[in-house]
Amino acid sequence: MTSALTLPKSTSPEGRAKGRPSVRAGSPSRTDALTGVDPLPGHLDRWLASRGAELVGVRRHLHAHPELSGQEFETTALVARELEVAGLSPRVLPKGNGVICDIPGSGESDRVIALRADLDALPLQDIKDVPYRSTVDGACHACGHDVHTTVLLGTGLMLAQLAERGELPGRVRLLFQPSEEVIPSGAPEVIAAGGLKDVSAIFALHCAPQLPVGLLGIRSGPMTAAADMVDITLRGPGGHTARPHLTSDLVHALSRVVVDVPALLDRRVDPRAGVSMVFGAVHAGEAANAIPSVGRARATVRVLNRDAWHEVPGLISKLIDDVVTGTGAQAEVVYHRGVPPVINDRHAAAVVASAAGAALGAERVVEAEISMGGEDFAFYLEQVPGAMMRLGVGVPGAEVLGDIHQAGFDVDERAIGNGVRVMVHTALGALAAPAL
């Protein structure tokens, strides 16, 4: 098969027209952290050994040239070109940022399994002192989406080779999604473009710096929380702080909302639903001796249970009205839906666990922790069963474990090969799983 990892020349400034990125001296020629596991048909071991350094180069190129949500045009062009070189027929999303690509199977099965990666970077300054540091001011792959994209690209190229050899029993659909980091996010765009048409199950991975490289985390049930935002505005006539009885003490009313509503919410929802309301912004007034006429507070609401997620908007609005009643203030509540909770299907999670065990070794598959962060992969799981897994990217033995969404975030690049291993095994396992 023609090599599909020669990067295109870029037309953007700041040195992007240099063509294929160089891989620094000492980079591994093999990015998987483990040896001795059973190879797949198609010789996955040898493929990773020969192409591992090139995958690292792809990741570093993406890391050095991040694109913010809604602007992933060059990243899309790179992915589409590599898939075309591999003999596939990628379809670019209508806005030009995002790719859908089917790998036809060689068997008689009509099953379609989807694999998803996200493309966008975060609006953060890259503070790392590395050769592949971001060249784009105010943009950084601080969530690992460069790794997600590289892993899915490598997985697609390997599966395309299996298809050429007649060893792919069903269809696999690659979804390279834009705009995961913003609301509204890109998952609904992919779905609207036919990304889930005929799909039986969908899978994705996410970088986990809390897990050392070589480990894979998976769990059945809630994985991440729904993430919404509430915008509360209180209004009153305003007045002098010497005479609060002649007006509506707006600051007092706002403080009651901030303190009382989360406490009351805890008593009105089943604690097993995992509901959390936390205020991140409060503002009212400027002068110490003047009661303001307008005050505002903004909070996030996070929920692990899907049924509770559907109930909380109305409940929170009622609680706010109840708390404000009697203060004389008028409340306006705007509830912004964000993303649903990621709830892994138990059969899909079992497929991942089995696949990761075959790919990395059963002792390297661990139970993933629940996160209260949001992830728009949940929109796909609202339509079809599937599972998200956590890919260990942390440096083994490191004294300080970093976290995503930090300006200095980086990964142990051996995780790329591990991710390809697990995703290839997962695709084949899902194609064969009768429960999906």
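A quick note: this is a predicted structure, and the numbers were derived from the prediction, not measured.
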Main-chain N/O of R302 paired to S276 side chain as donor or acceptor, under 3.5 Å: no
Could you report the tightest heavy-atom contact between V303 and A273, atom names first, then the distance? CG1-O, 3.9 Å
Evaluate the salt bridge (Lys or Arg N to Asp or Glu O under 4.0 Å) criterion for residues R272 and D307: first the C-alpha distance (whole Å), next the side-chain angles of each, then the deciding distance (0.1 Å), finally the verdict. CA-CA 12 Å; R272 294 171 297 181; D307 292 337; over 6 Å; no
Hey, could you give me the CE/OH distance between M229 and Y335, rounded to the nearest 0.5 Å? 10.5 Å
I want to check something: taking the side chain as every heavy atom from C-beta on, are L381 and N344 in contact at a cut-off of under 4.5 Å? yes
Donor-acceptor contact below 3.5 Å, side chain S354 vs main chain A350: no
Distance-only donor-acceptor check, side chains Q177 and D376, under 3.5 Å: yes
Are E369 and R390 within salt-bridge range, i.e. N to O under 4.0 Å? no
Can you tell me how far apart SG (C140) and NE2 (H145) are? Round to the nearest 0.5 Å. 11.5 Å
Please find the pair of heavy atoms, one from V333 and one from V230, that lie closest to each other, and give the distance. CG1-CG1, 3.9 Å
Counting N and O atoms only, with roles assigned by atom type, does the side chain of R51 sit under 3.5 Å from a partner on the main chain of G154, one being a donor and the other an acceptor? no
Around atom CD of Q125, are there more than 12 heavy atoms of other residues, nucleotides or ligands at under 6.0 Å? yes
Check: S179 side chain, S69 main-chain N or O, donor-acceptor pair, under 3.5 Å: no
Taking the basic N atoms (NZ, or NE/NH1/NH2) and the acidic carboxylate oxygens, is any pair closer than 4.0 Å for D126 and R133? no
So with a 6.0 Å cut-off around CG of D270, is the heavy-atom count from everything else above 12? yes
Report yes or no: does S255 contribute a side-chain atom to a donor-acceptor pair with the main-chain N or O of H252 at less than 3.5 Å? yes
Could you check whether any side-chain N or O of R306 sits under 3.5 Å from a backbone N or O of P341, counting only pairs where one atom can act as donor and the other as acceptor? no
Main-chain N/O of A193 paired to R91 side chain as donor or acceptor, under 3.5 Å: yes
Please confirm whether the backbone N or O of A368 pairs with a side-chain atom of R219, one donor and one acceptor, at under 3.5 Å? yes
Is there a side-chain contact between T327 and S248 (heavy atoms, below 4.5 Å)? no
Rounded to the nearest 0.5 Å, the CG atom of L124 sits from the CG atom of L68 at a distance of 9.5 Å
Run the side chain to side chain donor-acceptor pair (under 3.5 Å) test on T75 and E67 for me, step by step, so that the C-alpha distance in whole Å, both residues' side-chain angles and the decisive distance to 0.1 Å come before the verdict. CA-CA 7 Å; T75 305; E67 295 177 300; 2.6 Å; yes
Where does the angle between the aromatic ring planes of H63 and H141 fall among parallel (under 30°), tilted (30 to 60°) and perpendicular (over 60°)? tilted
Which heavy-atom pair separates D120 from E181 by the least distance, and what is that distance? OD2-N, 2.9 Å
Can you list the residues that meet the side chain to side chain contact (heavy atoms under 4.5 Å, CB included) rule with E332, with sequence neighbours excluded? T233, R235, V334
Check C207 against H148 and note the closest heavy-atom contact, atom names and distance. N-NE2, 3.0 Å
Measuring only between side-chain heavy atoms, which start at C-beta, is M388 closer than 4.5 Å to E375? yes
Mind checking the CD1-CZ spacing from I416 to R59? Nearest 0.5 Å is all I need. 6.5 Å
Taking every heavy atom of S134 against every heavy atom of A139, the minimum-distance pair comes out as OG-O, 2.7 Å
Does the S200 side chain pair with the main chain of L436, one donor and one acceptor, at a distance under 3.5 Å? no
Between D146 and P66, is any pair of side-chain heavy atoms under 4.5 Å apart? no
Distance from L391 atom CG to R421 atom CZ, nearest 0.5 Å? 13.0 Å
Any chance you could measure L115, atom CG, to L205, atom CG, to the nearest 0.5 Å? 9.0 Å
Is the backbone of V395 close enough, under 3.5 Å, to the side chain of D412 for a donor and an acceptor to pair up by distance? no
Pairwise side-chain contact, V147 with E413, heavy-atom cut-off 4.5 Å (strictly under): no
Whether over 12 other heavy atoms sit under 6.0 Å from R346 CZ: no
Side chain to side chain, H283 and R298, heavy atoms closer than 4.5 Å: no
Between D403 and Q210, does any side-chain donor sit less than 3.5 Å from a side-chain acceptor? yes
For atom NZ of K128, is the number of surrounding heavy atoms from other residues, nucleotides or ligands below 6.0 Å larger than 12? yes
